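Accompanying notes for the structure given below.
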Amino acid sequence: MQNLKDLKEQIRKALPELDVVIGWTGGYDPLHATPHFIRRDEDIDKLQVNALCVHNLATYLPALRGKKVGIVVKGCDSRSVVELLQENLIDRAGVTIFGFGCNGVVDQTKIRRIVGDVGNIDSCEISGSDVTVSASGAEHKLPLGDVLADKCATCRYPNAVLSDHFAGEEVTTTATFEDGYKDVVEFEEKPVEEKFGFWLKEMDRCIRCYACRNACPLCVCRDHCVAQSRDPHWLSQEAHVRDKWMFQVIHAYHLAGRCTECGECQRACPVDIPILLFKKKMNKEIKEVFDYEAGIDPEATPPLMTFKTEEDKIRERKW
Amino acid sequence: MPILEGKELRIVGFLCNWCSYGGADTAGVGRFKQPTDLRVIKVPCSGRIDPLFIVKTLMSGADGVLVSGCHPRDCHYTEGNFYARRRLEMLKRFLPIMGIDAKRFEYTWVSASEGQRWQEVVTKFTEQIHELGPAPKIAGADAEETLKLMEAAL
Ligand code: SF4
Ligand code: SF4
């Protein structure tokens, strides 16, 4: 990020008033960044902001309610913060938002697929348009465009939609809503049995680790998740493909009209199940019926938490 | 062997206590002829129906699910069915991406006095499900068994 210096300066100024500022720093190897909790001045120097900073840090906010928290956000992450505000899960006065314009983050799975063994990364350099990874003695120069997360290729909100401090220039984008849902439309056109078979096979791989749920900034039930509750008993504890699939539908449903498509669920999945597709499908329909997008307006009410006596787009079925 | 074996499909109906359950009762009292595939689950209000009940029902082996509540503006709890309408409409639009035919699920409004209408709704919905035939069932704990069955059926 070009204006890391400005961002650090903004954080330095605000820090005395805050309990913690959440950002990113270098992870366990040069290919990964990791969340970074800044409490002292010296922590600020370790702040890292680049295409490796994939985590949506908004996921920490609800648990830190009551504290004075600063948070560094990309465009997509900022929408999660807005959604949390909309739902009264955090307080506006309790969060200080450090926004910036994002040029996209990498998809580690794509890198892994090209580089192969990523167990031993020596270095990772990101220039304007390339990522150069040295792993196990070999050097790989990858065009950044090839390894960007899918969501970034069609991102319509690269700049923080809400911020108290904004570092650097705004990023411009030309992507439209339709661009972002081409994959959904394509998948929908498949025959119904093929889709059923596809999900059966995909869900079979699920190991019920719930990383998808834990990474989601809007999965706020945490210890009360229906996945583990015995009362009501929605799911058994068996590794049954039906339960695993059902869990994903539950996730999509509990996020209906709330999901901001940060993609954290799919990113966190250790077995690469394309679970974002369910959420995108729901969002596409939400947009069509209610002309609504989550996480844009802090004052708005998610459409499934309200109603209209006369709905504009829902037709009564004739029998 | 039960005489209806092979002729009936499994359809589950979620009916609200105040209108549609009453409507079904009216149909019964009026001795209107109805198909026998439907199994009714009475709920206090259509607003009580979590769309996930329907997903769970379909994933557990039902061939079709029918939801019926009070007409909009007639809800016993004033606004339960207004919330239901939004949720159920979303479900109807969501099912296809799972590989479940959207026609396996319908929602409608029937009042307690509309016995005749109830008869029509059940009859038409049952016909619709029979046209689609049995839904693919998730056979075993692993996907393999189900996929084999599906291949054999195609
Ligand atoms: S469901 Fe996935 S994409 Fe949507 S908000 Fe949660 S983590 Fe982000
Ligand atoms: S992260 Fe993936 S494997 Fe883990 S529970 Fe979610 S879908 Fe299953």
Side-chain angles (χ1 to χ4, degrees), chain A residues 184 187-205 226 232 234-236 238-246 248-250 252-254 256-257 277-282 284-286 288-290 303-311 313-319, chain B residues 47 50-53 55-56 59-61 68 71-73 79-102 104 106-110 117-118 120-125 132 135-147 150-151 153-154:
Chain A
V184 181
F187 184 79
E188 276 184 297
E189 280 164 5
K190 292 180 199 282
V192 72
E193 299 82 11
E194 193 180 324
K195 285 181 277 187
F196 194 84
F198 174 86
W199 288 116
L200 262 181
K201 251 197 233 148
E202 290 294 317
M203 291 301 165
D204 210 11
R205 290 208 307 279
V226 296
W234 274 92
L235 300 174
S236 82
E238 258 180 280
H240 197 297
V241 65
R242 184 196 295 124
D243 287 330
K244 299 192 275 192
W245 191 356
M246 187 68 205
Q248 278 316 321
V249 182
I250 293 177
Y253 254 88
H254 287 178
L277 199 58
F278 282 146
K279 286 105 182 179
K280 287 182 76 172
K281 164 70 177 170
M282 193 68 91
K284 179 170 157 279
E285 300 305 327
I286 293 272
E288 203 168 305
V289 178
F290 305 112
L304 293 190
M305 297 181 192
T306 179
F307 65 85
K308 273 188 187 172
T309 316
E310 299 295 333
E311 297 287 357
K313 299 247 181 80
I314 304 179
R315 299 276 152 265
E316 301 302 336
R317 268 157 237 291
K318 288 188 205 72
W319 282 96
Chain B
D50 189 325
L52 291 163
F53 291 174
V55 176
K56 182 129 176 137
M59 287 178 79
S60 306
S68 189
H71 288 277
R73 294 176 194 276
E79 51 196 37
N81 56 2
F82 289 137
Y83 286 103
R85 183 168 56 185
R86 286 196 162 195
R87 294 172 193 157
L88 297 171
E89 179 69 19
M90 281 301 120
L91 177 73
K92 180 106 180 116
R93 290 161 173 263
F94 181 80
L95 287 177
I97 202 135
M98 292 180 66
I100 295 178
D101 199 312
R104 294 199 183 274
E106 295 287 356
Y107 67 96
T108 188
W109 322 114
V110 172
R117 188 175 143 79
W118 172 255
E120 274 164 39
V121 167
V122 183
T123 311
K124 280 196 191 147
F125 185 64
L132 292 169
K137 310 274 184 290
I138 301 173
D142 307 323
E144 220 172 298
E145 214 172 308
T146 310
L147 287 167
M150 284 176 73
E151 252 166 55
L154 288 178

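Predicted model, so just to flag it, every value in this text is computed and none were measured. Protein chains get the first letters and strands the later ones, always in sequence-line order, with residue 1 at the start of each.
- Listed here is the closest heavy atom pair of B:Met98 and A:Phe278: CG-CE2, 4.1 Å.
- The aromatic rings of A:Phe307 and B:Phe82 lie parallel to each other, with less than 30° between the two planes, well short of the 60° mark.
- B:Arg87 places none of its side-chain heavy atoms less than 4.5 Å from the side chain of A:Tyr253.
- Within the 4.5 angstrom heavy-atom criterion, atoms from both the backbone and the side chain of A:Lys308 approach chain B.
- With a 4.5 Å cut-off on non-hydrogen atoms, A:Met305 touches chain B through its backbone but not through its side chain.
- Considering only residues two or more places apart in sequence or on other chains, A:Lys281 meets the salt bridge (charged side-chain N to carboxylate O under 4.0 Å, His left out) condition with A:Glu188, A:Glu285.
- Within the 4.5 angstrom heavy-atom criterion, atoms from both the backbone and the side chain of B:Arg85 approach chain A.
- Side chains of A:Val249 and B:Lys56 form no contact here, defined as non-hydrogen atoms less than 4.5 Å apart.
- If you measure heavy-atom distances from B:Lys92 to chain A, the contacts under 4.5 Å come from the side chain alone.
- Between A:Val289 and B:Arg86 there is no side-chain heavy-atom pair separated by less than 4.5 Å.
- Using a 4.5 Å cut-off on side-chain heavy atoms (C-beta onward), A:Met282 and B:Ile97 make no contact.
- The greatest number of non-hydrogen atom pairs below 4.5 Å with chain B, out of A:Glu311, A:Glu193, A:Glu310, A:Gln248, is found for A:Glu311.
- A:Lys201 is linked by a salt bridge (charged side-chain N to carboxylate O under 4.0 Å, His left out) to nothing, counting only residues two or more places apart in sequence or in another chain.
- The distance from atom CD1 of B:Ile138 to atom NE2 of A:His240, rounded to the nearest 0.5 Å, is 7.5 Å.
- Put simply, the side chain of A:Leu200 does not reach to within 4.5 Å of the side chain of B:Glu144, judged on heavy atoms.
- If you measure heavy-atom distances from B:Pro72 to chain A, the contacts under 4.5 Å come from the side chain alone.
- With a 4.5 angstrom heavy-atom cutoff, A:Ala239 touches chain B only via backbone atoms.
- The greatest number of non-hydrogen atom pairs below 4.5 Å with chain B, out of A:Val184, A:Ile286, A:Thr306, is found for A:Thr306.
- Using a 4.5 Å cut-off between heavy atoms, A:Pro303 contacts chain B through both its backbone and its side chain.
- Proximity to chain B is absent for every atom of A:Glu194, based on heavy atoms less than 4.5 angstrom apart.
- A:Arg242 contributes no side-chain N or O that, together with a main-chain N or O of B:Ala141, makes up a donor-acceptor pair within less than 3.5 Å.
- Proximity to chain A (any heavy atom under 4.5 Å) is restricted, for B:Met150, to the side chain, taken from C-beta onward.
- Between chain B and the options A:Glu288, A:Lys190, A:Glu238, A:Met203, heavy-atom pairs under 4.5 Å are most frequent for A:Glu288.
- Nearest approach of A:Leu304 to B:Tyr83, heavy atoms of both residues: O-CD2, 4.1 Å.
- Without hydrogens or angle criteria, A:Asp204 side chain to B:Asp142 main chain gives no donor-acceptor distance under 3.5 Å.
- Annotation: maximal heavy-atom pairing with chain A below 4.5 Å, among B:Thr146, B:Asp101, B:Leu91, occurs at B:Leu91.
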